[in-house]
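So the structure is just underneath, and the comments pick up after that.
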Amino acid sequence: MALHIEKLDKRDLRKLELFCEIVEQGGISNATVSTGLSQPVLSNQLISLEGSLGVTLCKRGRSGFELTEEGHLVYGYANELSALLSEFASKLNGVQSKLTGHVRIGCLDNTVSLQHNPLTQAIEAFYQLSDAVEITLEVGDFTVLHEKLLKNQLDMMIVVLTEHNTNRFEHVVPLFTEQSCLYARRDRAEQLAARHYDLEGERINIGGYAVETMCQLLALDQYQKIHVVDGWHVESSLMLTRAGTHLSFLPTHLIDNHINHYDLVALQPKRWQFQSQFSVVLKCEEKRLSPAARAFFHTLQSHSQFKSDIQSTSE
């Protein structure tokens, strides 16, 4: 792709900024809310940018919004430029300047009752650094958070990674662990204990990032009539387990912190349990984060369950 541009001015930078926002919001219509500009204005800015570059950046119409090959390249270049400008601004401001900026964080759901989760402590400490910073916190499942990280809608996400996808990210730092056990409703647990925990004929929720671990722990291959339910969401698993119809691996903190433990019992907790490691994953190299995002990242690490390990690694 050959672009004939000798120099960018402020208007070009603004058009590139709006183009990135349109991409990250999934189209011009969605970007009207985040930019505060009308659809015709955004459309004209996009057309003007395409005219300046001499390429078509995206396909838009009834079929939806989709980047062209050139659009993907320009979007990547624009993000690189934005990171360089942020770094340059940070250097100009100096280390004694007032911290300002907006940090966008994503976190897996159902971790609020986990004592080792340092997120709330880190947020409190971060706001104490400056009165000119802001945080947006989004809670969801891995698929949603990962997609938003890739679209530059998040600066970082706190998730559990499997061995298969850990290497896909440039910067991963462990934060805390979570224990999960196999649970049954109390009456069902008593029945299983009487059967010496024979799982033949049981319905068991198996899925999510720990599906291989669950199958290995339960040695499911030895059973002929076990009913494996494909799909593992914490809240749905909790409901099915409370119904007495299913067995499910659930985070121990979710059960222990409820006033009546949902009347659920962990089955052979020393045998049927596993640990999950939560890590903070960055959208890019740490040095390319905005000053505010970098400051929050350091604050989060300082409250990590693995703080001593992180410090020794960095020294």
Here the gap from Leu53 atom CG to Phe19 atom CZ, rounded to the nearest 0.5 Å, amounts to 8.5 Å

Review point. Is the shortest heavy-atom distance from the side chain of Leu37 to the side chain of Leu18 under 4.5 Å?
Key: yes

Pairwise side-chain contact, Ser248 with Leu238, heavy-atom cut-off 4.5 Å (strictly under): no

Q. Does Ile22 reach the side chain of Phe65, with side-chain heavy atoms less than 4.5 Å apart?
A. yes

Heavy atoms of Ala189 and Ala184 approach each other most closely as N-CB, 4.1 Å

CE of Met239 to CG of Asn205, rounded to nearest 0.5 Å, is 12.5 Å

d(Asn117 CG, Cys107 SG) to nearest 0.5 Å is 5.5 Å

For this session: Give a yes or no on whether the backbone of Thr299 and the side-chain of Ser302 come within a donor-acceptor separation of less than 3.5 Å.
Result: yes

- Crowding at CD, Glu138 (>12 non-hydrogen neighbours, <6.0 Å): yes

Report yes if some heavy atom in the side chain of Leu81 is under 4.5 Å from a heavy atom in the side chain of Leu13; otherwise report no.
-> yes

Expected output: side-chain Ser43 to main-chain Gln39 donor-acceptor under 3.5 Å: no

Checking side-chain contact (heavy atoms from CB on, under 4.5 Å) for the pair Thr68/Lys59: CA distance, chi angles, key distance, verdict? CA-CA 7 Å; Thr68 62; Lys59 300 175 183 177; 4.2 Å; yes

- Query: If Ile, Leu, Val, Met, Phe, Trp and Tyr residues are connected whenever their side-chain heavy atoms lie under 4.5 Å apart, and connections chain through other members, are Val211 and Ile226 in the same group?
  - Reply: yes

### Hydrophobic cluster identity match, Val280 and Leu129, side-chain contacts under 4.5 Å
yes

Result for side chain to side chain donor-acceptor pair (under 3.5 Å) between Glu202 and one of Lys225, His227, Arg195, His246 points to Arg195

Notebook entry, point to check: Can you check whether Leu182 reaches Leu217 side chain to side chain, under 4.5 Å on heavy atoms?
Noted result: no

Those residues at least two apart in sequence (or on a different chain) that pass side-chain hydrogen bond (donor to acceptor under 3.5 Å, both in side chains) with Ser34 are Glu21

Checklist entry - Does the side chain of Ile204 come within less than 4.5 Å of Tyr223's, by heavy atoms? => result no

query: Would Tyr75 and Cys20 satisfy side-chain contact (heavy atoms from CB on, under 4.5 Å), going step by step from the backbone distance to the final call?
result: CA-CA 6 Å; Tyr75 177 63; Cys20 289; 3.9 Å; yes

| said: Using modelled atom types and a 3.5 Å cut-off, is there a donor and acceptor pairing between side-chain atoms of Tyr127 and backbone atoms of Ile135? | reply: yes

Taking the side chain as every heavy atom from C-beta outward, state whether Gln216 and Phe274 have any pair of such atoms under 4.5 Å apart. no

Neighbour count above 12 (heavy atom, 6.0 Å) for Glu235 CD:
no

(request) Go through the steps for Val112 and Val139 under the test side-chain contact (heavy atoms from CB on, under 4.5 Å), then give the verdict. (result) CA-CA 10 Å; Val112 66; Val139 177; over 6 Å; no

request  = Using atom types as modelled and distance alone, determine if a side-chain donor or acceptor of Thr111 lies under 3.5 Å from a backbone N or O of Leu114.
outcome  = no

Taking C-beta and beyond as the side chain, do Ser38 and Thr32 meet within less than 4.5 Å on heavy atoms?
no

Sequence neighbours excluded, the answer for side-chain hydrogen bond (donor to acceptor under 3.5 Å, both in side chains) partners of Gln191 is Arg188

Item to check | Same cluster (ILVMFWY, side-chain, under 4.5 Å), Phe297 and Leu137 | outcome: yes

Counting N and O atoms only, with roles assigned by atom type, does the side chain of Arg186 sit under 3.5 Å from a partner on the main chain of Asp263, one being a donor and the other an acceptor? no

Shortest non-hydrogen pair, Ala122 vs His303, comes out as CA-ND1, 4.2 Å

message: Classify the ring geometry of Phe278 against Phe176: parallel below 30°, tilted from 30° to 60°, perpendicular beyond 60°.
response: parallel

Here the gap from Ile158 atom CD1 to Met156 atom CE, rounded to the nearest 0.5 Å, amounts to 8.0 Å

Value for CG (Leu267) from OH (Tyr183), rounded to nearest 0.5 Å, stands at 9.5 Å

Only one of His116, Gln273, His253 passes side chain to side chain donor-acceptor pair (under 3.5 Å) with Gln179, and that residue is Gln273

Between Leu99 and Ala132, the two heavy atoms sitting closest are O-CB, 3.6 Å

Rounded to the nearest 0.5 angstrom, the CD1-NZ distance for Ile47 and Lys15 is 11.5 Å

Tested for side chain to side chain contact (heavy atoms under 4.5 Å, CB included) against Met157, the lone hit among Leu145, Ile105, Leu108 is Leu145

So does Arg104 get a backbone contact from the side chain of Asp155, meaning a donor-acceptor N/O pair under 3.5 Å? yes

(message) Between Ser82 (side chain only) and Ala78 (backbone N and O only), is there a donor and an acceptor less than 3.5 Å apart?
(response) no

(request) Flag yes if Ile28 and Val41 sit in one hydrophobic cluster, no otherwise; membership is Ile, Leu, Val, Met, Phe, Trp, Tyr, and two members link when side-chain heavy atoms are under 4.5 Å apart. (result) yes

Sorted by chain and number, sequence neighbours left out, ring-ring contact (aromatic ring centres under 6.0 Å, His included) with Phe296 holds for Phe126

- Query: Counting N and O atoms only, with roles assigned by atom type, does the side chain of Glu200 sit under 3.5 Å from a partner on the main chain of Gln224, one being a donor and the other an acceptor?
  - Reply: yes

Note: Pro118 and Leu300 closest approach over all heavy atoms is CG-CD1, 4.1 Å

- Message: If you count every heavy atom of other residues, nucleotides or ligands that lies below 6.0 Å from Arg11 atom CZ, does the total exceed 12?
- Response: no

_Tell me whether Leu240 shares a hydrophobic cluster with Leu250, the cluster being built from Ile, Leu, Val, Met, Phe, Trp, Tyr side chains joined at under 4.5 Å._
no

For His171 and Cys284 the tightest heavy-atom approach is CB-O, 4.2 Å

Answer yes or no: is there a donor N or O on one side and an acceptor on the other, between the side chain of Asn257 and the main chain of Ser113, under 3.5 Å?
yes

Closest heavy-atom pair, Pro251 versus Val234, reported as atoms and distance to 0.1 Å, is CD-CG1, 4.2 Å

Worked verdict on Leu46 versus Arg60 for side-chain contact (heavy atoms from CB on, under 4.5 Å):
CA-CA 11 Å; Leu46 185 55; Arg60 45 201 184 270; 3.8 Å; yes

_Main-chain N/O of Leu57 paired to Glu50 side chain as donor or acceptor, under 3.5 Å_ = yes

